[in-house]
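Notes follow the structure.
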Protein chains: 2
Amino acid sequence: MKYKTLENPEYDEAYELITEALRKKATIVMYTNCKVLYEGRALSELDWGERIILIKPDGSFLIHQDKKVEPVNWQPPKSKTRAFIKNQQLFLESHRRTPKELLTVELDNIQFINYALIEDYEELEQAGYEKDMGDMIMENPHIIEEGFKPTYREYSVEHGFIDILGKDHENNLMILELKSRKAGVSAVKQLKRYISDFDESDNEELHQCKSEKKKIRGLLVAPTIDEDAKELIEEEGIEFVSVNPPKELKRDKKITLDAFN
Amino acid sequence: MKYKTLENPEYDEAYELITEALRKKATIVMYTNCKVLYEGRALSELDWGERIILIKPDGSFLIHQDKKVEPVNWQPPKSKTRAFIKNQQLFLESHRRTPKELLTVELDNIQFINYALIEDYEELEQAGYEKDMGDMIMENPHIIEEGFKPTYREYSVEHGFIDILGKDHENNLMILELKSRKAGVSAVKQLKRYISDFDESDNEELHQCKSEKKKIRGLLVAPTIDEDAKELIEEEGIEFVSVNPPKELKRDKKITLDAFN
DNA sequence: CAGTGAATTTCGGTC
DNA sequence: GACCGAAGTTCACTG
């Protein structure tokens, strides 16, 4: 049988069903009154109330209240779940090894339990992120400006990585910091840091640049920047280039490319 | 009636139930085959597969696959959900105003739908965070060292806030940066920045400190630090004090305090 | 394993 | 509504 449901089960019936579901690595959905205790990286307690509990075959354990996107309590994948009965009360326990974390749920008045062997073989196709932006710029450097030649991706410096390093048409060095969302002051500061890191570093690119008496240009590349970032950019002599992250799914891209082959 | 369930409903039955549930501001749980399209800050597409859908009375909309703690697609609270039928297919649509985001779900082969008017009046009680650590240190400064006198909490400087500002028994200035988890290099850098911000600022504390020829001590306060942070701290002349965040629920604390009154 | 950084981060605070 | 920072962040990726 692919799935099973119990409505208003007794605690012993519920115990049997949950244990069976866990053994079968099924996905369990419950709607029940419960009380929750969490002890691990932090500590929390949630008194009696009706919640939705989701237990996944990968060990993920979620407890949702009727508000918020985030679960009120949870355990990550690979956690071990078990059900047990104590003093004629049903408990669920989810245990994580490192870091040691324990989630204990006391159940009462279960409205329903459903378990199912989920069939889902799809993965999310997505686009519109910093990485997509970087790919796009490496493929079409002119988006930044005419004559821009990217030379390195993820160029390592003291405090992190320069997203894209390159040169303009006059061979001035260009340091690009990409943001796929609106950039704030923190992005400008990050870029500033990379520039000074680079300027203080001992590397071929820099030596060549200095021997040719070229400039180092810092560019913040993002869809937009907020007002404070705008001011800071002008003070710091940094340039801003507005680029939107490509919102094109890989599959679409592939089809498009295939069409050209 | 407090809750309703349908197993293997036809699309029109499902439509009726969902519309009724949305009108009643109920919490909806579904287990169904579906296909998902998201367009907003990013873009994503998820092909047909069985998933669990959760729609909350606050407008939150979650789609869970059988893996991970995070939903594969979602909309935040205050989103508006509606159901509609097109070409004898049932769709769910969740719409957010700012930023404009749209989640569209095509449903097929619904295994079950449940809606319920959830009764939950409890909020999570929790402890073990940075704020708790700060509270604890303000109340018991000797945790840091004998003679430590905290003077300011969240003291504003150029690039942020100094968690705790104070003086040692010799009236040297102490700048504390708190972390409730293992501190890394980034925390040391943050502290360094606050120290230099403070040193470059124009304020009473600093003038007094300099006129008395006192030192400025930087302290990183966290349960532990990683190896890289350890090295950096020694280089930079910053001190590390190991403090664990208090794992004590407010209610417990209140009871403890009451017991002493 | 630990460490780094992005995320449709979410969420709560303040301005 | 924008901005800022914490979070049991989670997650993917690297060494």
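Note that the coordinates shown come from a computational prediction; the quantities given were computed from them, not determined experimentally.
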(message) When you measure only distances, ignoring hydrogens and angles, does the side chain of Q75(A) come within 3.5 Å of the base of dG8(D) through a donor and an acceptor?
(response) yes
(request) Evaluate the side-chain proximity of D132(B) to M136(B): yes if any heavy-atom separation is below 4.5 Å, no if none is. (result) no
(request) Under the side chain to side chain donor-acceptor pair (under 3.5 Å) rule, collect the residues that match up with E234(A), sequence neighbours excluded. (result) none
(message) Tell me every residue that passes salt bridge (charged side-chain N to carboxylate O under 4.0 Å, His left out) with E236(A), counting only those two or more places apart in sequence or in another chain.
(response) K192(A)
(request) Could you check if a side-chain atom of L173(B) sits within less than 4.5 angstrom of a side-chain atom of F198(B), using non-hydrogen atoms only? (result) yes
(request) Rounded to whole angstrom, note down the C1' distance from dA7(D) over to dC11(D). (result) 14 Å
(message) Without decimals, in angstroms, what is the distance between N244(A) CG and dT8(C) C1'?
(response) 15 Å
(message) Once you apply a heavy-atom cut-off of 4.0 Å, does N73(B) come out as touching a base, just sugar-phosphate, or nothing?
(response) base
(request) Rounded off to whole Å, could you give me the CD-to-P distance for the Q65(B) and dT10(D) pair? (result) 19 Å
(message) Run the salt bridge (charged side-chain N to carboxylate O under 4.0 Å, His left out) test against R217(A) and tell me which residues pass, sequence neighbours left out.
(response) E145(A), D168(A), E239(A)
(request) Identify whether any heavy atom of F161(B) sits under 4.0 Å from a base atom; if not, whether one sits that close to sugar-phosphate; answer base, sugar-phosphate or nothing. (result) nothing
(request) For nucleotides dT8(C) and dT4(C), find the distance between their P atoms and express it as a whole number of Å. (result) 22 Å
(message) Using side-chain heavy atoms (C-beta onward) and a distance below 4.5 Å, is N33(B) in contact with L107(B)?
(response) no
(message) Applying the 5.5 Å / 30° rule, does Y129(A) stack onto the base of dA6(C)?
(response) no
(request) Identify, with sequence neighbours excluded, every residue that meets side-chain contact (heavy atoms from CB on, under 4.5 Å) alongside D66(B). (result) T27(A), P57(A), I118(A)
(request) Please list, by residue number, the residues of residues 176-190 of chain A whose heavy atoms come closer than 4.0 Å to an atom of DNA chain D; answer none if no residue qualifies. (result) K182(A)
(message) So if I define the base as every atom that isn't primed, P, OP1 or OP2, how would nucleotides 10-15 of chain C read as a B/S/- string at a heavy-atom cutoff under 4.0 Å?
(response) SSS---
(request) Tell me which of E227(A) and V72(A) sits closer to the 5' end of DNA chain D, going by the nucleotide each one is nearest to. (result) E227(A)
(request) Calculate the interatomic distance between E130(A) atom CD and dT8(C) atom P; express it in whole Å. (result) 12 Å
(message) Do R181(A) and Y129(A) have side chains that approach each other closer than 4.5 Å (heavy atoms only, starting at C-beta)?
(response) yes
(request) Take atom C1' in dG5(C) and the same atom in dT9(C), then report the distance between them in whole Å. (result) 12 Å
(request) Could you walk me through whether K179(B) and D163(B) pass the salt bridge (charged side-chain N to carboxylate O under 4.0 Å, His left out) test, one step at a time? (result) CA-CA 10 Å; K179(B) 289 288 160 201; D163(B) 287 328; over 6 Å; no
(request) Specify the separation, in whole Å, of atom CD of Q126(B) and atom C1' of dA7(D). (result) 9 Å
